Engineer: 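Right, I'll just put the structure down here and ask away after.
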2 protein chains.
Amino acid sequence: MRAPQERQARLEDVAKAAGVSRSTASRVISGSGPASATARDRVHSAVRMLGYRPDQAARSLVNRSGFRVVLAVVGTSARVLDDPYVHRAVAAAATAAMPYEVGVSLRWLPRDAPRLDRMLDDRTVRGVVLFNTTEAALDGVPSAFRGRVVSIGIGSRMVPSFDVDNGGGAAAVLEHLYRAGRRRIAMVAGPAWMPCARRPVEAYRDLVNSAGLPVRLVAGDFSAASGRRATGTVLDRWPDTDAVFGINDATAFGALAALRDAGRQVPADVAVAGFDDIGYAALSAPALTTATHPVERIVATAVEAVLTQGGVPSSRVFPSTLVRRDSA
Amino acid sequence: MRAPQERQARLEDVAKAAGVSRSTASRVISGSGPASATARDRVHSAVRMLGYRPDQAARSLVNRSGFRVVLAVVGTSARVLDDPYVHRAVAAAATAAMPYEVGVSLRWLPRDAPRLDRMLDDRTVRGVVLFNTTEAALDGVPSAFRGRVVSIGIGSRMVPSFDVDNGGGAAAVLEHLYRAGRRRIAMVAGPAWMPCARRPVEAYRDLVNSAGLPVRLVAGDFSAASGRRATGTVLDRWPDTDAVFGINDATAFGALAALRDAGRQVPADVAVAGFDDIGYAALSAPALTTATHPVERIVATAVEAVLTQGGVPSSRVFPSTLVRRDSA
DNA sequence: ATGAAAGCGCTAACAG
DNA sequence: CTGTTAGCGCTTTCAT
C-alpha cells in the first residue's frame, strides 16, 4: 500500500508513525526483547502501512551477521563443482534463500584440508551448507559456530544433517533386482572416502550376504565416465554378471553405454539401476530404473535451517522410493 | 601474513599502520579520489601486512550498493527454474561471484509482467542478470539502472548482452546435416515468444530457403518431453523426414526417444542433432551430434560485468562449434 | 593532497 | 515496558 515513488521507509519512519521510539520499533520488528501488546500492534500496522523492510546491510553491520550462504562441496578437486547434482542444489539454495534476501555462494572445499574456520570467520558469511562432507571436516567446526553450519550428508553433534535415506532407497532398488531373479549383481560405488556413499554399499553388502550372492563391487566417482569404465571392469572380471547397480544415475548411464559397447542387451542380459531419478532417467534407452532423491526439498530445508537462527535445527531424513522403468 | 587469532583489521588499523587518516586510506583502497604516490604505497603495504579486507556490510550501508546478484529468468511459469541450463548458470554465477563476496539469488520473472523495477530498487540487490529475456522486459529497465543489469540473451541500448552465437552454431549443425545428404530436415524450435530461440530458427529458414528444401518447423519448449511430442507430430505430418534438429540437447533427447518409439533407426533412417553439448550428449544412444554452448564462461563474464562497476560493460558473443558424434 | 567530522540504518546496553 | 545514547565500519563532503 506504499506510494511507489517515495523513498524507502526507515525504522525511524515506522517508529514515528507508530508513536513509539526506534528501540521499541526495533524490538517489535526483530522479535527480540519486551514490548507491550499495544506497541506491538501499532508497530506492525505501521510496518504494513509504510511497506517497511529492514535494511539488511545495516543489520549485518551491527549484528555482524553476514548476508550470504556458502555451499561448500568437499572433494579432491574443484571439478566436484561441475556435477549436475551440485548444480541442482545451488539452484534450490538460491531459490530458498531468496525470501530471506540473502544470496548463495559456491565453493570447493579440498578434502585434504577442509578449512571451515576461514569461511566461518568471514563476516560476509551467514551460514554454511556442507556437501559430501567427511568426519574430518565436521570435526573442524568450532563449537562457536553451532547452528551456522548444516550438512547435506553425514552430520555430527555440532552439525545437523539433512539427507535422503539412500540406504533405504538402495535397499529398495536391490530388492527389486533380486525379486526379478537377478543373482549376480554388481555395484559401481562412489569413492571410498565419501561417507554419503557408504550406506548404499552397506545395503548392497546386506543383500549379497543374506542371500548368499557373490560380491562384485567396483569403485567409481559418480561420473558417467567412471560408470562406463567400472562397468567395463565388471564385465571383464565377472562376465556372467546379470545386473549393475550404479550409486547414482550418471553412473548407471555410463553402465548402459558400456553394456551397449559390449553388445549386451538391457535388461534382457543385464539389468541396470541407478539412484537419484534425474530428468534424463526417463529418456535413456532403455529408460532407467532408479530411486527418488528429493534434492530440492532437502536443500531448501537445510538452507532454511541455517537461516532461521530461531529454533535449533534438528537433523532430518528424507525418504527415497523406487521408480520402476525399463532397464531393470 | 596476519596472525590467525586476532580480530579482523579495520580501516582504522590500516590508516594507523600507514600513518595516514582513515579518509586517505579509504580513498586509496576504494580507488576513488586523489592520493599521493607515497600515501598509496604505504596504504597498500599496510593492507597486505594486516590482511585487511573491507567490511562489505559497512560499504553496502554507506554506498547503498547491495550484496547479491539476482538471476532473473523470464518464463510463463515458475517451472522455468527447473531447467538444467538454469541450474548450470546459477552454479556458474555463484562461483563467479564468490571472490567478490556477493551471493546469488534465483527468481522467476513472469513473462506477462516482468517487473524489474521492484527488483532494482531493492537495496540488497547489487545487480541483475536476465535470462531468456524479452524486448518488453528490457524496455522496463529504467535508465537509472544502466550497468546494473546485463542479459544472457538479447540486449538493448541500456542492457549489454552476453550470449552464445547460437545462430552460427545452428548454421554449422544444419550445414552438417545438409552435407550428409539430408534433404527433408525438420526443426523442433522453442516457444515463439522467446527471442533467444529466434536465431537458430532463422538459420534453419536460411538453409531451407537457399537449398529449396521443405519447411518442417514445430514448436517445443526446450524440454525433452516437448521434443518427444513434437517429433511425434513431425513423423505424423511428414513421415519421410530424414533429420530432426532440436533447439537444444534436451529436445534432441526427446526426439531420440520418439524415433525409438516409432521404430526408426538413428542415424540410418533419421539423423538427430541438438544444441548445447551437455554432459549426457556423449552418453545417449546413439551419442548426440550437437554444438557447444559455453554457459559457464558466458555467465561468469556477465556476472563480472555486473559486479565491476568500473568499466562500462560491452556486449559479447561467444562462439559455438559443431560436435560430431553418432546421431548425425 | 589530506584530515576532521558527519552520517548510512540499525541494534543493544543502560537508565528510567 | 520504554526511550536515550552510543556505536557497528565505512565513505564523503568540506575545510585546510
Side-chain angles (χ1 to χ4, degrees), chain A residues 6-44 46-47 50-67 100-102 121-126 309-310, chain B residues 6-44 46-47 50-67 100-102 121-126 309-310:
Chain A
E6 275 163 26
R7 122 179 145 353
Q8 279 281 353
R10 297 170 308 170
L11 183 59
E12 171 132 24
D13 302 322
V14 172
K16 205 165 291 174
V20 299
S21 70
R22 285 214 310 279
S23 327
T24 302
S26 171
R27 279 188 287 255
V28 170
I29 288 165
S30 63
S32 73
S36 67
T38 40
R40 221 182 292 280
D41 286 350
R42 303 177 61 134
V43 169
H44 280 138
V47 164
L50 298 165
Y52 171 74
R53 283 162 54 196
D55 184 317
Q56 300 297 345
R59 279 188 158 173
S60 273
L61 178 57
V62 61
N63 294 334
R64 323 183 99 30
S65 62
F67 46 76
Y100 297 91
E101 307 194 287
V102 318
D121 69 12
D122 178 335
R123 289 194 303 281
T124 68
V125 175
R126 172 100 149 251
Q309 291 293 35
Chain B
E6 274 163 28
R7 126 182 142 347
Q8 280 280 355
R10 297 170 308 170
L11 182 59
E12 170 132 26
D13 302 323
V14 173
K16 206 165 292 177
V20 300
S21 69
R22 285 215 310 278
S23 328
T24 302
S26 172
R27 281 188 284 256
V28 170
I29 288 165
S30 63
S32 72
S36 67
T38 40
R40 220 181 292 280
D41 285 350
R42 301 177 62 136
V43 169
H44 280 137
V47 164
L50 298 166
Y52 171 75
R53 284 161 53 195
D55 185 317
Q56 300 297 346
R59 279 190 158 172
S60 273
L61 179 56
V62 61
N63 293 334
R64 321 182 104 29
S65 61
F67 46 77
Y100 296 91
E101 306 193 288
V102 320
D121 69 13
D122 178 335
R123 290 196 300 281
T124 69
V125 175
R126 172 98 150 252
Q309 290 294 38

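Being a predicted model, the structure only gives us computed values, none of them experimental. Below, chains carry the letters A, B, ... as their sequence lines are ordered, and counting in each starts from 1.
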Engineer: Return the CZ to OG1 distance between B/Arg27 and B/Thr24, rounded to the nearest 0.5 Å.
Structural biologist: 4.5 Å
Engineer: Figure out the CZ/C1' separation between A/Phe67 and D/dC10, and round it to whole Å.
Structural biologist: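 My rounded result for the distance is 13 Å.
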Engineer: Check A/Ile29 against A/Pro54 and note the closest heavy-atom contact, atom names and distance.
Structural biologist: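 Closest pair (atom of A/Ile29, atom of A/Pro54, distance): CG2-CG, 4.3 Å.
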Engineer: Rounding to a whole Å, what distance do you find between A/Asp41:CG and D/dT2:C1'?
Structural biologist: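 After rounding, the gap between these two atoms is 16 Å.
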Engineer: If you compare all heavy atoms of B/Asp13 against all heavy atoms of B/Gln8, which two are closest, and at what distance to 0.1 Å?
Structural biologist: OD2-O, 4.2 Å
Engineer: Think B/Ser36 has a side-chain N or O under 4.0 angstrom from the OP1 or OP2 of C/dT2?
Structural biologist: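 Checking C/dT2 against B/Ser36, a side-chain N or O does come within under 4.0 Å of OP1 or OP2.
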Engineer: Can you tell me how far apart CZ (A/Arg123) and CG (A/Asn63) are? Round to the nearest 0.5 Å.
Structural biologist: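 The CZ atom of A/Arg123 sits 13.5 Å away from the CG atom of A/Asn63.
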Engineer: One character per nucleotide, please: for nucleotides 7-14 of chain C, 5' to 3', B when the base has a protein heavy atom closer than 4.0 Å, S when only the sugar-phosphate does, - otherwise.
Structural biologist: BBBBBBB-
Engineer: Take atom CD of B/Glu101 and atom C1' of D/dG9, then tell me their distance rounded to the nearest Å.
Structural biologist: 14 Å
Engineer: Tell me every residue that passes side-chain hydrogen bond (donor to acceptor under 3.5 Å, both in side chains) with A/Arg53, counting only those two or more places apart in sequence or in another chain.
Structural biologist: A/Glu101, B/Asp122
Engineer: Between atom CZ of B/Arg10 and atom CG of B/Leu50, what is the distance when rounded to the nearest 0.5 Å?
Structural biologist: 11.5 Å
Engineer: Looking at every heavy atom in both A/Arg22 and A/Leu11, which two are closest together, and how far apart are they?
Structural biologist: O-CD2, 3.8 Å
Engineer: To the nearest 10°, let me know how far the axis at one end of the helix from C/dA1-D/dT16 to C/dG16-D/dC1 is tilted from the axis at the other, five pairs an end.
Structural biologist: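 For the helix from C/dA1-D/dT16 to C/dG16-D/dC1, the axes at either end differ by 30°.
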Engineer: Examine D/dG3: is either OP1 or OP2 under 4.0 Å from a nitrogen or oxygen in the side chain of A/Thr24? Give yes or no.
Structural biologist: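 Yes, A/Thr24 has a side-chain N/O under 4.0 Å of OP1/OP2 on D/dG3.
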Engineer: Got a second to check how far B/Gln56's CD is from A/Ser60's OG, nearest 0.5 Å?
Structural biologist: 11.0 Å
